[in-house]
Amino acid sequence: MLKKGGTFICKVFRSKDYNSFLYVLNSLFTKVESSKPPSSRSQSAEIFMVCLGYKAPDYIDPKFLDPKHVFEDIENSKGGVDGNALEAKGTEGMSLK
């Protein structure tokens, strides 16, 4: 189980759902960075994401854990970790309105 302040590292493949996944990670961690290692083929969609500072929120909206909800158009979503609306800022990060 990930503890408050913990680190999460994962390998993902860039797709149309990348920004939605980034939204989820930015809601749960204080810092999220993506990196494509030089050893990875240029045509490969793989990247690695390093998420630092797990926030361990007391409450997570159940819709937030539902892939059908999370992978909808996030700019129109009113969800988030604590029910606050989030404003998309592209792939560099998200912030609370």
Side-chain angles (χ1 to χ4, degrees):
M1 176 179 281
L2 193 57
K3 295 182 181 180
K4 187 172 186 171
T7 300
F8 174 71
I9 300 171
C10 64
K11 176 180 174 178
V12 299
F13 293 89
R14 298 276 315 244
S15 71
K16 67 181 181 76
D17 295 321
Y18 174 76
N19 286 334
S20 296
F21 188 53
L22 187 62
Y23 156 79
V24 170
L25 296 176
N26 274 298
S27 296
L28 296 172
F29 293 88
T30 57
K31 186 173 185 179
V32 178
E33 294 187 2
S34 301
S35 178
K36 183 168 183 67
S39 61
S40 177
R41 293 178 296 126
S42 61
Q43 63 269 31
S44 172
E46 73 177 1
I47 59 171
F48 291 85
M49 300 185 83
V50 178
C51 309
L52 305 171
Y54 179 57
K55 296 175 184 176
D58 292 330
Y59 173 78
I60 297 177
D61 185 333
K63 289 181 181 178
F64 191 71
L65 302 175
D66 178 359
K68 291 179 184 177
H69 176 77
V70 171
F71 294 121
E72 287 179 343
D73 183 289
I74 61 171
E75 291 181 12
N76 297 324
S77 175
K78 299 296 181 197
V81 172
D82 57 5
N84 289 324
L86 291 176
E87 176 182 314
K89 285 188 166 182
T91 60
E92 296 303 318
M94 309 291 172
S95 66
L96 291 174
K97 281 186 180 176

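Just so it is clear, the structure is predicted and the values come from calculations on it, not from any experiment. When a residue number appears, it is its place in the shown sequence, counting from 1.
When hydrophobic clusters are built by joining Ile, Leu, Val, Met, Phe, Trp and Tyr residues whose side-chain heavy atoms come closer than 4.5 Å, directly or via intermediates, L25 is not grouped with V50.
Taking Ile, Leu, Val, Met, Phe, Trp and Tyr as members and joining any whose side-chain heavy atoms lie under 4.5 Å apart, directly or through other members, F48 forms no hydrophobic cluster with any other residue.
Sorted by first then second residue, the side-chain hydrogen bond (donor to acceptor under 3.5 Å, both in side chains) pairs that include residues 45-58, not counting sequence neighbours, are K11-E46, S40-E46. Among residue pairs with one or both ends in residues 22-41, those qualifying as salt bridge (Lys or Arg N to Asp or Glu O under 4.0 Å) are K31-E33; sequence neighbours excluded.
Listed by chain and number, the residues in a side-chain contact (heavy atoms from CB on, under 4.5 Å) with L65 are I60 (sequence neighbours excluded).
The two residues T7 and L2 have their closest heavy-atom pair at O-CD1, 3.6 Å. Among all heavy-atom pairs drawn from S35 and P37, the shortest one is O-CD, 3.7 Å. In this structure, F29 and V32 approach most closely via the heavy-atom pair CB-CG2, 4.1 Å.
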Carefully, step by step, assess M49 and I9 under the rule side chain to side chain contact (heavy atoms under 4.5 Å, CB included). CA-CA 6 Å; M49 300 185 83; I9 300 171; over 6 Å; no

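Rounding to the nearest 0.5 Å gives a distance of 12.0 Å between CG of L22 and CG of D17. Within the model, atoms OH of Y18 and OG of S34 stand 2.5 Å from one another, a figure rounded to the nearest 0.5 Å.
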